[in-house]
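In what follows, a structure is listed as structure tokens, so that the remarks can point back to it.
Both ligands and their constituent atoms are indexed starting at 1 by order of listing. Sequential numbering from 1 along the given sequence is applied to the chain's residues. The model shown is predicted, which means the values in this text are computed figures rather than measured ones.
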Amino acid sequence: MYTDKVMDHFSNPRNVGEIENADGVGEVGNASCGDIMKIYLRVEDNVIQDVKFKTFGCGAAIATSSMVTEMAIGKTIDEALVLTNQTVAEALDGLPPAKMHCSNLAADALHEAIKNYKEHNA
Ligand code: FES
């Protein structure tokens with residue numbers, strides 16, 4: 001049901017944790033399942049230097065959280081803003097249709113963290 005990449009990121013998630021005095025923080029929840037994701041950004045010269053996440057959620061939510069952190073590191077704020085749940089799911093070689101909503105959590109939390117960063121650095 002799950003691809004090798006999903007299982008890899010679920011079993012061995014990258015960039016778990018939090019960043020003290022983060023430049024941007026985003027938190028989203030999924031009302032239907034109650035899962036929550038929080039993302040922390042360290043930004044320098046408009047480039048995302050570091051991302052950490054904490055996800056209280058299902059395996060697909062953890063795998064997509066892990067993948068979105070890897071995809072965002074090294075990107076500019078604007079490049080990271082165009083990452084969507086679709087691109088994250090594709091990077092994991094796909095998710096079962098019933099689990100696509102889980103990937104929204106990761107993309108939305110990243111976008112919220114970027115919004116938070118922009119509010120503080122306008
Ligand atoms: Fe809640 Fe996957 S079931 S995010």
Side-chain angles (χ1 to χ4, degrees):
M1 178 174 171
Y2 290 110
T3 67
D4 290 348
K5 278 194 188 167
V6 172
M7 290 311 293
D8 177 31
H9 278 266
F10 166 62
S11 319
N12 182 25
R14 280 53 145 191
N15 305 307
V16 175
E18 60 186 89
I19 297 174
E20 257 182 65
N21 303 317
D23 298 307
V25 181
E27 183 174 336
V28 293
N30 183 317
S32 58
C33 64
D35 289 353
I36 297 168
M37 178 185 179
K38 197 163 182 180
I39 225 169
Y40 303 81
L41 302 179
R42 163 88 53 235
V43 183
E44 262 169 52
D45 297 331
N46 222 33
V47 175
I48 298 176
Q49 305 288 345
D50 197 12
V51 185
K52 293 266 191 283
F53 81 90
K54 279 188 178 168
T55 293
F56 183 85
C58 72
I62 290 168
T64 49
S65 305
S66 169
M67 180 52 92
V68 86
T69 63
E70 285 212 319
M71 293 174 85
I73 291 172
K75 286 198 167 48
T76 65
I77 288 294
D78 289 337
E79 286 167 348
L81 266 180
V82 298
L83 290 173
T84 63
N85 70 322
Q86 196 68 40
T87 49
V88 176
E90 277 167 15
L92 288 165
D93 294 335
L95 282 169
K99 286 287 174 181
M100 273 307 288
H101 75 275
C102 311
S103 60
N104 285 331
L105 218 52
D108 288 352
L110 176 68
H111 294 169
E112 282 299 315
I114 291 173
K115 206 167 95 187
N116 180 252
Y117 165 75
K118 284 189 164 181
E119 280 164 9
H120 290 116
N121 293 275

Heavy atom under 4.0 Å from ligand 1: found in Cys102's side chain, backbone, both, or neither?
both
Tell me, yes or no, whether the heavy-atom count around Asn12 atom CG, taken from other residues, nucleotides or ligands under 6.0 Å, exceeds 12.
yes
Can you list the atoms of ligand 1 that are under 4.0 Å from a heavy atom of [X]?
X     : answer
Asp35 : 1 (Fe), 2 (Fe), 3 (S), 4 (S)
Ala61 : 4 (S)
Cys33 : 1 (Fe), 3 (S), 4 (S)

Heavy-atom donor-acceptor pair, Thr87 side chain to Leu83 backbone, under 3.5 Å:
no
Tell me whether Cys58 has at least one N, O or S atom under 2.8 Å from atom 2 (Fe) of ligand 1.
yes
Do the side chains of Asp108 and Lys115 get close enough for a salt bridge, i.e. N-O under 4.0 angstrom?
no
Examine the side chains of Thr3 and Asp93 and answer whether a donor and an acceptor come within less than 3.5 Å of each other.
no
Testing the 3.5 Å rule here: is there a donor-acceptor pair between the side chains of Asn104 and Asn85?
yes
